[in-house]
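Residue numbering restarts at 1 for every chain, and letters A, B, ... go by the order of the sequence lines.
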Amino acid sequence: MTLAVVIFLLVVGSVIFHFASPWWFTDIAADWGPIDFTIDVTFWVTGFVFITINLFLAYCIYKFRQKEGHKAVYEPENAKLEVILAAVTTIGVVLMLAPGLFVWATIVTVPDEATEIEVMGQQWQWAYRYPGADGVLGVAETALVTESNPYGINTEDPNGQDDIIVAGPVMHLPVGKPVKALLRSNDTLHNYTVPQFRVKMDLVPGLISYIWFEPTKIGRYDILCEELCGIGHFVMRGAVVIDTQEDFDNWLATQPTFAETQVPAAPNVAAGQAQFALCATCHGAQGEGNQAQNGPKLAGQQAWYIERQLKYFKTGVRGGEGDSAGQAMATMAQTLVNDAAIRNIAAYIATLPDNAAQTTVSGDIENGEHIYSRNCAACHLDDASGTWYTDAPTLAGMSDWYFVTQINNFKAGIRGLHADDYYGEQMVGMAAAMSGLEEIEDVAAYLNSLR
Amino acid sequence: MSYVPLADQAQELHHPQSWVTRYVWSQDHKVIAIQYGGTAILVGIVALVLSLLMRMQLGFPESFDLIDPSSYYQAVTMHGMIMVIYLLTALFLGGFGNYLIPLMCGARDMVFPFLNMLSYWVYLLSVLILMASFFVPGGPTGGGWTLYPPQVSMAGTPGSDWGIVLMLLSLAVFIVAFTMGGLNYVTTILQARCRGLTMMRLPLTVWGIFIATILGLFAFPALLVAAIMMLLDTLLGTSFFMPAIIESGSPLDYNGGSPILFQHLFWFFGHPEVYIVALPAFGLVSDVLSTHARKNIFGYRMMVWAIIAIGGLSFVVWAHHMYVSGMNPYFGFFFATTTLIIAVPTALKVYNWVLTLWEGDIRMNVPMYFAIGFIFTFIHGGLTGLFLGNVVIDMPLSDTYFVVAHFHMVMGVSPVLVLFAALYHWYPLVSGRMYHEGLAKAHFWFTFLGTYAIYLPMHYLGFLGVPRRYYALGSTDFIPASAQDLNAAITIAALIVGAAQLLFFINIFWSLKHGKKAGSNPWGSASLEWQTPDTPPIHGNWGDELPTVYRWPYDYSVPGAHADFIPQNTPESEEPTADEQHFDPDHDPSMADL
Amino acid sequence: MSLFKHITEKPWERPGVIGGPDPETAFDAAPERVALVIFLVVASVIFSLLTVSYYVRMELPDWTPLSEPAQLWLNTGLLFVSSVLFQWARNLVTDDQQKYLMAAFVGAGVFAVLFIVGQLAAWNSLQSAGHFVASNPATSFFYLLTGLHALHLLGGLWVWSKSLIRLLSGCEVQDLRLSIELCTLYWHFLLIVWLVMFAILSNT
């Protein structure tokens with residue numbers, strides 16, 4: 001009896017929950033309305049079945065509960081009834097399956113006019129490639145991947161030379177044009193998902209999968225990885241910006257071609273040395289760091305990391321509210337007039353002698369190792385030397401106090417939450433591995449032991 | 001030599017000589033069943049705790065510092081694997097299969113008691129290997145319960161050196177144990193039925209376990225093959241599944257392997273595995289419903305055919321787990337169609353359960369509560385399966401919390417409700433005593449309502465697009481902040497459900513000593529397991545003479561009969577008289593105060 | 001008997017004892033034989049799945065066909081002889097002729113052991129030719145398939161050796177009849193598996 005009432009209430013409650021719920025699909029931004037239509041059809045059919053059977057169930061429990069003098073009816077089967085039920089169920093299934101198969105036919109049939117672009121995933125970030133003037137993507141394979149050729153593009157293939165390289169996690173696409181995204185992975189399974197586009201597909205190392213869609217709404221949408229790809233899975237983010245054709249063309253024109261990335265202008269180390277004089281006041285003459293001036297050690301840090309951080313300081317991605325030292329650095333970064341100047345400085349720093357910084361932090365090395373090896377080593381490597389591949393800077397032998405400050409900043413939301421700081425955002429997620437100052441110092445102490 | 005029918009052979013029973021042979025190295029199917037069940041439940045508690053740790057992290061990421069990203073992925077993996085394989089498969093087949101098959105078949109024991117004992121000890125070994133992975137360097141594997149290569153053996157995944165090897169080893173050992181048990185179950189059902197017991201006179205429990213075991217025997221080899229090949233990839237550097245890949249910036253020494261091949265093998269096992277769990281549950285719940293509704297199961301033949309049809313179809317739907325895996329997209333047409341076809345026999349089973357209640361005389365005993373709870377959650381979980389089976393709808397929903405909610409509803413909550421229904425239903429047979437009614441009902445309400453409070457809202461996180469297997473959601477532009485409130489509410493419900501399971505354990509242990517004596521057939525059940533000369537049945541089950549079966553197991557409320565049930569071993573001439581009316585806790589004054 | 005002939009009957013319409021002492025739908029065979037046949041199906045599934053994987057993996061570009069050592073022809077002969085001897089032992093025990101039984105039974109096992117030794121020799125010659133397990137997927141599959149097959153045969157030899165001990169300790173021959181029959185069945189099965197695998201390996 002109670003159970004009958006409860007089941008009735010659960011049915012009513014579920015329906016109310018559904019209609020009162022603010023939680024539903026995000027607005028669609030691609031030409032996949034038919035998918036939403038199929039969902040609606042399925043929703044109404046299954047909703048009807050859910051309500052009907054459960055109300056009937058509740059009725060049975062109520063009506064045929066045990067009563068004095070009442071006896072169950074002996075009825076082994078009713079073939080006619082079962083045939084009818086089977087037929088009705090089959091009709092319901094066909095009702096849901098038929099639109100599904102029709103829509104699937106359009107999903108597997110890529111229109112001829114779709115532009116091919118490449119989405120490449122690797123632990124734990126996105127990169128993109130657009131065909132150049134020839135409209136054809138060059139051949140690429142994982143075996144050819146190096147730091148200077150992170151896409152593994154075959155340099156022998158003339159089609160690849162004019163390919164346009166987008167090394168950051170943000171891609172742009174023109175509105176109203178069908179796109180065939182070729183999906184490629186350098187290491188493990190990933191999954192290219194933009195919830196607003198409705199479609200998703202895995203990236204599989206060793207083969208090229210694809211998905212096509214036609215963006216219909218201008219805007220900026222998150223790209224998520226939705227196939228478990230290791231510990232950084234949950235921080236593997238990107239974004240797709242849907243532009244007008246004009247804006248898209250302008251954006252694309254500012255991106256380098258593959259050929260251009262292969263012959264970067266040689267940095268001017270002497271010019272970098274001259275510029276460094278200003279840096280030396282805080283970071284030390286040899287870039288050895290100076291805690292009193294809040295200047296971390298620079299010597300021994302990877303050049304690409306120095307360059308990126310200088311750009312961040314210059315454009316205000318770093319050095320925001322709450323980060324007084326960073327704000328000072330942001331002011332300093334303004335003295336670097338262009339990317340070449342930044343590259344010069346980074347090149348000069350690379351020539352400085354790398355002596356391990358002074359130890360200023362102590363902690364439980366064993367606990368630090370436990371935390372580091374489980375959570376940090378995946379990107380920063382076991383010896384904490386860092387690697388371009390995961391965009392992870394060197395940690396071993398660098399200023400330990402700076403490490404503590406920065407992890408604190410990540411945890412406090414001072415660093416890494418700027419919309420353009422993708423790699424910082426990953427650290428905001430991963431810094432959760434250290435619960436508080438004590439554990440941060442434990443990790444710092446472990447890093448000190450690695451130098 | 002002429003063949004002597006097994007039922008007539010003077011079967012040699014290994015009568016236990018000491019406490020050790022009686023309860024430890026026992027060859028009695030009932031003791032082995034309890035060993036299997038106890039081990040499965042123990043390891044299930046580990047998995048339950050892991051899930052609560054995950055829920056704490058998801059519900060209150062700022063407030064709790066229980067697990068770091070690394071252990072979160074380990075918890076995800078171990079929770080899934082333990083629940084699916086080491087708890088549900090082992091408990092339904094090793095536990096209930098072992099206990100009920102010989103009793104319901106009117107046999108003295110399994111046909112190979114020694115092999116049966118071996119099966120349990122090998123199963124225990126597999127559990128120990130799995131548990132050992134918590135204590136090795138790097139801890140257990142964190143590659144997800146699907147163990148997809150190449151991730152699972154690469155840097156960046158916890159346990160990629162020791163954990164995964166122990167996991168694969170444990171699975172291989174489990175499969176050996178399962179095969180030993182499975183050969184036993186199938187052969188016993190085929191060959192050791194007592195006189196008069198035709199296949200169509202078997203309770204649906206036996207049918208469910210029978211077909212599930214056959215599925216297991218054919219499906220587990222796929223997992224075994226995949227595990228062996230992956231072990232070779234991991235340990236010897238072969239490239240069955242491993243393609244050319246970069247690890248932390250440097251290329252690994254693999255080339256050309258196919259990760260998708262592993263996925264095909266895994267799901268060729270993985271989908272039938274769903275039914276390895278579901279079919280015994282279907283069977284058990286059918287018998288519980290019929291007994292407590294005092295009515296034969298409606299459409300017995302259809303139920304048997306549906307079990308067989310579902311079992312057969314379950315081998316041709318596996319790639320619906322792989323719609324977005326990068327496999328040839330044209331497979332989608334075939335697998336979406338087969339998947340939705342399987343909905344028809346499944347729906348018929350649901351109709352028949354409800355129609356069994358129709359015009360019944362429903363006794364609201366505790367097993368009945370759980371059985372009806374199962375119908376409700378199974379309808380819900382089955383219907384959401386129609387979303388995911390339809391390839392187009394799977395596109396937006398796969399890898400989101402909708403999937404998590406769906407499979408927990410359909411193969412987590414639903415089978416667990418059946419497990420409890422069955423545990424309460426057969427507890428008087430196993431222990432000879434009744435459980436505590438009030439505690440059991442409280443246990444039901446917390447579990448049933450609590451799990452619905454967990455999983456109904458979780459579907460809506462999936463509609464929103466919240467991805468699964470995320471340690472923390474971080475910031476997105478499309479998920480509103482209120483989603484976190486929903487997550488917190490789900491966690492609270494999960495904690496309550498988790499804590500409520502204590503009621504069950506208190507109940508079964510308390511009642512062992514203090515429960516009311518149950519008598520020989522408290523539910524007035526017509527099937528054979530309740531007709532043993534002793535309750536609980538002793539070694540050998542049937543005393544001097546094996547029973548003879550005269551009728552099917554669902555003769556409830558037969559018109560013209562004296563009592564409202566006729567046991568299977570009652571000849572037509574000797575129907576029970578009215579004074580043998582069954583014990584009914586609802587009408588027993590001594591139970592009123594509970 | 002037909003298991004599925006019965007599943008259309010309406011069990012509630014036919015009360016009373018059905019069939020003789022034997023339940024109506026049981027197989028007319030010892031349970032051990034039934035279990036072994038089911039196990040053979042399980043083993044067939046294992047080898048079939050490996051074969052499917054073999055063909056799938058073969059399509060990928062890094063596959064280099066392996067030329068199998070000639071030793072395998074000799075091994076095939078050894079396993080064939082082993083199987084024939086088992087059949088002979090089975091026939092002898094059925095006709096209750098004990099004269100050559102020991103020779104046939106021991107010979108069957110010895111030839112099976114020789115087969116395994118031969119397989120090891122084949123492995124050895126592959127290794128000395130530089131074909132290691134991880135050299136190429138073709139060699140990986142070769143080692144995997146032959147290894148698994150040998151493992152199954154070793155399981156059979158374990159049962160064989162147990163029976164042999166009983167035979168030597170002078171037990172009643174008819175007590176071993178079932179054991180010999182089942183071994184024979186198992187050996188024929190493994191011979192067929194080997195022939196199929198050998199055919200696949202040498203043709204690809």
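Both the backbone and the side chain of A:Leu85 come within contact range of chain B, judged by heavy atoms closer than 4.5 Å. The contact between A:Ile211 and chain B is made entirely by side chain atoms (from C-beta outward), counting heavy-atom distances below 4.5 Å. Contacts of A:Phe43 with chain B are made by both backbone and side-chain atoms, with heavy-atom separations under 4.5 Å. Residue contact with chain A, scored on non-hydrogen atoms closer than 4.5 Å, involves the backbone and the side chain of B:Thr337 alike. Only the side chain of A:Gln196 comes within less than 4.5 Å of a heavy atom of chain B; its backbone N, CA, C and O stay farther away. In this structure, chain B has a heavy atom under 4.5 Å from the side chain of A:Val6, while its backbone stays farther away. Only the side chain of A:Arg237 has a heavy atom closer than 4.5 Å to any heavy atom of chain B. Neither the backbone nor the side chain of A:Lys63 comes within contact range of chain B; no heavy atom of the residue lies under 4.5 Å from a heavy atom of that chain. Neither the backbone nor the side chain of A:Trp32 comes within less than 4.5 Å of any heavy atom in chain B. For chain B, the nearby parts of A:Ala433 are the backbone and the side chain; heavy atoms of each come within less than 4.5 Å. For A:Thr142, the parts lying near chain B are the backbone and the side chain together; criterion is any non-hydrogen pair under 4.5 Å. Looking at A:Leu207, the atoms closer than 4.5 Å to chain B (heavy atoms on both sides) all sit in the side chain, from C-beta outward. For B:Pro467, the parts lying under 4.5 angstrom from a heavy atom of chain A are both the backbone and the side chain. Heavy atoms of A:Ile61 lying under 4.5 Å from chain B belong to its backbone as well as its side chain. Heavy-atom distances place the side chain of B:Tyr148, and not its backbone, under 4.5 Å from chain A. Interface remark: A:Asn78 contributes backbone and side-chain atoms alike to the contact with chain B (heavy atom separation under 4.5 Å). Proximity to chain A (any heavy atom under 4.5 Å) is restricted, for B:Leu449, to the side chain, taken from C-beta onward. In this structure, no portion of A:Ala58 lies under 4.5 Å from any heavy atom of chain B.
When all heavy atoms of A:Ile231 and B:Pro69 are compared, the closest pair comes out as CG1-CB, 3.9 Å. Taking both residues in full, the closest heavy atoms of A:Ala378 and B:Ser248 are given as O-OG, 4.1 Å, listed atom of the first, atom of the second, then distance. Residues A:Tyr74 and B:Tyr556 share a closest heavy-atom pair of CD1-O, 3.4 Å.
Between A:Trp24 and B:Phe463, the ring planes lie tilted relative to each other; the angle falls in the 30° to 60° range. Using cut-offs of 30° and 60° for the angle between ring planes, the A:Trp104 and B:Phe333 rings count as perpendicular. The aromatic rings of B:Trp358 and A:Phe64 stand perpendicular to each other, their planes meeting at an angle above 60°, with 30° marking the opposite boundary.
Under the 3.5 Å distance criterion, with hydrogens and angles disregarded, a donor-acceptor pair is assigned to the side chains of A:Thr89 and B:Tyr351. Of the N and O atoms on the side chains of B:Gln151 and A:Asp187, not one donor lies less than 3.5 Å from an acceptor on the other residue.
Interface summary for chain B: among A:Met201, A:Lys71, A:Arg374, the most heavy-atom pairs under 4.5 angstrom belong to A:Arg374. Top candidate by heavy-atom pairs under 4.5 Å with chain B, chosen from A:Ile208, A:Ile39, A:Thr26, is A:Ile39.
By the 6.0 Å contact criterion, CZ on A:Phe17 is enclosed, its count of non-hydrogen atoms from other residues, nucleotides or ligands being greater than 12.
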Criterion side chain to side chain donor-acceptor pair (under 3.5 Å) on B:Tyr452 and A:Ser14, from CA distance to verdict: CA-CA 10 Å; B:Tyr452 198 61; A:Ser14 302; 2.6 Å; yes

Step-by-step side chain to side chain donor-acceptor pair (under 3.5 Å) determination, A:His18 to B:Tyr460: CA-CA 8 Å; A:His18 172 75; B:Tyr460 287 79; 2.8 Å; yes

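Atom OG of residue B:Ser250 and atom CG of residue A:Leu381 lie 8.0 Å apart, to the nearest 0.5 angstrom. Between atom CZ of residue A:Arg65 and atom CE of residue B:Met368 there is a gap of 14.0 Å, rounded to the nearest 0.5 Å.
The pair B:Asp399-A:Lys200 fails the salt-bridge criterion, with no side-chain N (NZ, NE, NH1 or NH2) lying under 4.0 Å from an Asp/Glu carboxylate O.
When ring centroids are compared, B:Phe376 and A:Phe50 come within the 6.0 Å threshold.
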